[in-house]
Amino acid sequence: MEQAIKQGIAEALETLYSHQLATEDIALQPTRKEFEGTYTYITFPLSRVSRKGPEETGNEIGEYLVKHCKAVSAYNTVKGFLNISVSESSQVQQFAAMFNGQSPTDSPVFHMAPTGKTVVVEYSSPNTNKPLHLGHLRNNFLGNSVARILEAAGNKVAKVQIINDRGIHICKSMLAWQKFGNGETPESSGIKGDHLVGKYYVEFDKAYKAEVAELVAGGMDKEQAEKEAPILLEAQEMLRKWEEKDPEVYALWETMNGWVYSGFNATYERMGVDFDKLYYESDTYLIGRDRVMEGLEKGVFFKKEDGSVWVDLTDEGLDEKLLLRKDGTSVYMTQDIGTALMRFDDFPGLSQLIYTVGNEQEYHFKVLFLILKKLGYEWADACYHLSYGMVDLPTGKMKSREGTVVDADDLIQEMVDTAKARTEELGKIDGFTEEQAAELYEKLGLGAVKYYLMKVDPRKRMLFNPEESIEFQGNTGPFIQYTYARISAILRKASQLGVSMQNIDYDGVKEIHQTEKDLIFAIGQFKEKLQQAADAYSPAVMAQYAYDMAKDYNRFYTELSIFNEDDETLMQFRVALSALTAETIKRSMGLLGIEVPERM
RNA sequence: GGCCCUGUAGUUCAAUGGAUAGAAUAGAAGUUUCCUAAACUUUAGAUCUAGGUUCGAUUCCUAGCAGGGCUACCA
């Protein structure tokens with residue numbers, strides 16, 4: 001439909017002003033609802049080629065369209081805005097083409113042509129020393145959704161994560177467990193593995209702080225105390241032993257990481273995210289270290305007197321950056337070099353490698369990509385940092401020492417509980433088995449958190465308001481889910497009544513309501529929105545789209561009756577329209593990783 | 001100090017350089033003999049400041065103000 005009009009405009013420009021403009025350069029926008037029309041074309045910039053005022057130019061193009069473009073029934077021009085009305089029959093035909101006379105799941109409106117590209121999306125990648133929190137939820141939902149969106153947009157996608165299983169942080173938990181743990185295990189304590197390890201990370205921090213305080217009291221200055229606290233030195237020693245593969249340290253490391261993984265896996269499963277391939281820092285850091293040594297030989301990097309290895313990025317306007325410590329151990333950057341290499345080896349011809357990581361690491365990735373370039377890897381340009389904003393609480397930033405961290409498992413449980421309470425309050429699920437009810441609460445609770453975290457532009461920092469997030473009214477996941485459930489009820493009834501959606505006599509649909517036009521228009525936007533979401537790596541685009549559509553449908557639902565409609569054809573049409581709307585909502589929500597219930 | 005990001009209704013979020021800046025919440029007033037009221041309708045309410053570019057600026061540029069991040073031999 002849009003394409004036909006753009007074509008018409010291009011022809012008009014050619015015929016009237018001998019001006020050539022490619023159809024893809026013609027931008028149409030939906031007409032604002034206070035004006036008559038479906039699409040609006042802006043004619044201000046055309047004054048140069050038409051040598052007439054924008055209004056007159058608009059009129060001439062409008063005139064041409066009405067004459068030559070079948071779909072266009074009327075036009076009006078306000079200043080430089082040419083409002084184009086599409087005839088009702090064309091809109092019904094547009095719907096017929098989209099609905100395709102088939103089951104709506106196969107509708108061509110959802111199908112995007114393959115791009116032939118392969119994209120790898122990294123997300124999650126937590127440290128293995130504490131459980132997941134609210135920030136990880138945004139990360140996981142965002143990364144997972146972007147992967148779904150890119151796949152729907154025609155790409156081959158692999159979801160990966162790097163597991164930061166080595167480094168000083170895990171040594172801290174290990175050491176504290178050794179010192180204070182008394183052999184406690186997830187089984188013996190009944191604590192989920194990731195939470196148990198997190199507990200000892202906190203224990204470490206407590207002991208460390210106490211030691212620092214003691215040293216300061218003994219007359220040492222704070223900075224020195226923070227570097228020389230015995231427990232910290234012990235942790236550093238442990239990391240060194242680990243890199244030497246000391247059997248005892250290694251065994252403990254394997255045990256405790258195992259606890260964390262099983263804890264994480266339980267959380268991932270509940271969240272509905274998964275991965276095609278996992279990378280372990282403990283595997284990749286050695287590759288990184290080798291490449292750094294190579295770079296050193298080639299003179300890309302340099303060594304300081306104390307033996308530490310650095311890269312000089314001052315020519316690029318950045319600083320010098322450490323790549324290997326003086327004791328030879330690796331830093332974050334070292335392993336990231338190795339990980340990138342492994343990925344481009346694993347996925348030959350990779351078009352893009354997307355890192356879903358918070359914006360506090362923008363500098364880090366800038367440096368990483370520059371280093372890869374300096375090492376001579378052409379594919380460095382295919383690396384992209386999908387940088388998202390932090391999640392703040394009404395009280396400010398989340399801080400583990402102040403105990404203001406919102407735990408992921410707790411939050412999800414809270415949302416599911418709220419869904420249960422709200423549903424029972426409304427008393428709408430008579431006839432549900434216990435199992436079905438539990439499944440519904442899970443869908444609603446998770447739908448609420450996911451939607452809340454993804455409706456905001458990922459690049460922006462966002463506020464997590466616990467009270468508002470458990471709201472199920474307004475611009476929320478459950479509102480959209482509710483709309484879907486409502487449509488499902490309509491479709492169940494239609495099938496009961498034997499209303500067929502096949503072989504609808506679309507020519508018999510003479511007059512349609514504004515809300516129906518809105519829905520047809522919205523459905524027709526799916527691909528464009530999907531492309532936009534893919535280009536911007538923004539699930540928020542799909543969230544907004546699904547919400548707008550749900551609103552449109554609810555308006556349609558209250559304005560018009562389906563089963564009280566005397567005109568059989570019109571009834572069929574409305575059922576079909578409902579079916580395709582439901583499918584569009586389901587798809588859009590699916591791209592966010594949100595499931596929709598048949599009943600609620 | 002240097003670099004980066006963000007300033008929109010009371011609050012949380014929208015708006016490829018386009019019309020009278022949209023939603024949601026919170027506030028006020030309504031809608032159930034009618035397919036699910038987790039809904040719908042009406043109402044009131046906002047572009048940080050000062051310049052500039054443009055036919056036209058929330059959007060682009062400059063300066064200022066405010067908030068956040070980065071600038072670790074942490075990850």
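Below, each value reflects all heavy atoms present in this structure, side chains not excepted, and no hydrogens, waters or symmetry copies. Below, chains carry the letters A, B, ... as their sequence lines are ordered, and counting in each starts from 1.
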Between A:Phe81 and A:Phe44, is the ring-ring contact (aromatic ring centres under 6.0 Å, His included) condition met? List the steps.
CA-CA 8 Å; A:Phe81 300 93; A:Phe44 286 107; 5.5 Å; yes
The side chain of [X] lies closest to which of these nucleotides: [options]?
X        : options             : value
A:Ile42  : B:A19, B:G18, B:A75 : B:G18
A:Asn127 : B:A75, B:C70, B:A39 : B:A75
A:Tyr363 : B:U36, B:U71, B:A75 : B:U71
A:Lys551 : B:A24, B:A37, B:A75 : B:A24
A:Lys79  : B:U20, B:G68, B:A23 : B:U20
A:Gln473 : B:A39, B:A24, B:A75 : B:A39
A:Ala27  : B:G22, B:U16, B:G69 : B:U16
A:Gln29  : B:C13, B:U6, B:U16  : B:U16
A:Leu463 : B:G22, B:G67, B:U12 : B:U12
A:Phe81  : B:C40, B:A24, B:A19 : B:A19

Geometric cation-pi criterion A:Arg166 and A:Tyr285, 6.0 Å radius, 45° cone:
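Ring-cation test returns yes.
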Tell me: [atom1] of [X] to [atom2] of [N], nearest whole Å?
X        : N     : atom1 : atom2 : answer
A:Tyr484 : B:U36 : OH    : P     : 15 Å
A:Asp552 : B:C40 : CG    : C1'   : 13 Å
A:Arg461 : B:G69 : CZ    : C1'   : 9 Å
A:Phe365 : B:C4  : CZ    : P     : 20 Å
A:Glu468 : B:G10 : CD    : C1'   : 13 Å
A:His133 : B:A75 : NE2   : C1'   : 12 Å
A:Asn475 : B:U25 : CG    : C1'   : 10 Å
A:Glu362 : B:G2  : CD    : C1'   : 16 Å

Are the ring of A:Tyr482 and the six-membered base ring of B:A39 within the stacking cut-offs of under 5.5 Å and under 30°?
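A:Tyr482 vs B:A39: stacking no.
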A:Phe35 over B:A19, stacked by centroid distance under 5.5 Å, angle under 30°
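A:Phe35 ring centre within cut-off of B:A19 base, planes near parallel; stacks.
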Who does [N] pair with, Watson-Crick or G-U, both distances under 3.5 Å?
N     : answer
B:A23 : B:U12
B:C70 : B:G2
B:U31 : B:A39
B:G17 : none
B:C60 : B:G52
B:C65 : B:G7

Sticking with atom [atom1], work out how far [N] lies from [M], rounded to a whole angstrom.
N     : M     : atom1 : result
B:A46 : B:G30 : P     : 25 Å
B:G67 : B:U8  : P     : 14 Å
B:U36 : B:U25 : C1'   : 23 Å
B:C35 : B:U20 : P     : 42 Å
B:G56 : B:G52 : C1'   : 15 Å
B:A57 : B:C48 : P     : 15 Å
B:G22 : B:G45 : C1'   : 14 Å
B:C5  : B:U43 : P     : 40 Å

What verdict does the side chain to side chain donor-acceptor pair (under 3.5 Å) test give for A:Arg459 and A:Asn359, after you've listed the backbone C-alpha separation in whole Å, the side-chain angles of each residue and the deciding distance to 0.1 Å?
CA-CA 8 Å; A:Arg459 289 183 297 267; A:Asn359 63 11; over 6 Å; no
Quiz item: A:Thr40 side-chain donor-acceptor pair to B:A19 base, under 3.5 Å:
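It does, because a donor-acceptor pair links the side chain of A:Thr40 to the base of B:A19 below 3.5 Å.
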Spell out yes or no: do the side chain of A:Asn83 and the base of B:A19 have one donor N/O and one acceptor N/O closer than 3.5 Å?
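Check passes, donor-acceptor contact within cut-off.
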Does the pair A:Phe479 and A:Tyr547 meet the rule for a ring-ring contact (aromatic ring centres under 6.0 Å, His included), with working shown?
CA-CA 8 Å; A:Phe479 166 81; A:Tyr547 174 66; 5.6 Å; yes
For a quick test of reading the model: is some side-chain N or O of [X] closer than 4.0 Å to OP1 or OP2 of [N]?
X        : N     : value
A:Arg459 : B:G68 : no
A:Arg486 : B:A37 : yes
A:Arg555 : B:U41 : yes
A:Lys366 : B:U71 : no
A:Arg32  : B:A21 : no
A:Lys460 : B:A14 : yes

Base, sugar-phosphate, or nothing for [X], non-hydrogen atoms under 4.0 angstrom?
X        : result
A:Asp327 : nothing
A:Met462 : sugar-phosphate
A:Ala485 : base
A:Asp392 : nothing

Main-chain N/O of [Y] paired to [X] side chain as donor or acceptor, under 3.5 Å:
X        : Y        : result
A:Tyr545 : A:Ala522 : yes
A:Ser125 : A:Gln161 : no
A:His513 : A:Phe556 : no
A:Asp518 : A:Asp552 : no

Given RNA chain B, 5'-ward residue of the pair A:Asn359 and A:Leu28, judged by closest heavy atom
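Final value for this comparison: A:Leu28.
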Closest-nucleotide ordering on RNA chain B, the 5'-leading residue of A:Ser488 and A:Glu34
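Its nearest nucleotide being more 5', the pick is A:Glu34.
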CG of A:Leu175 to CD1 of A:Ile170: how many Å apart, nearest 0.5 Å?
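CD1 of A:Ile170 is found 11.5 Å from CG of A:Leu175.
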Checking one value: the base orientation of B:U32, syn if chi is within 90 degrees of 0, otherwise anti.
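Syn conformation for B:U32.
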Does any donor atom in the side chain of A:Gln335 or A:Thr339 lie under 3.5 Å from an acceptor atom in the other side chain?
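Note: A:Gln335 and A:Thr339 side chains meet the donor-acceptor criterion.
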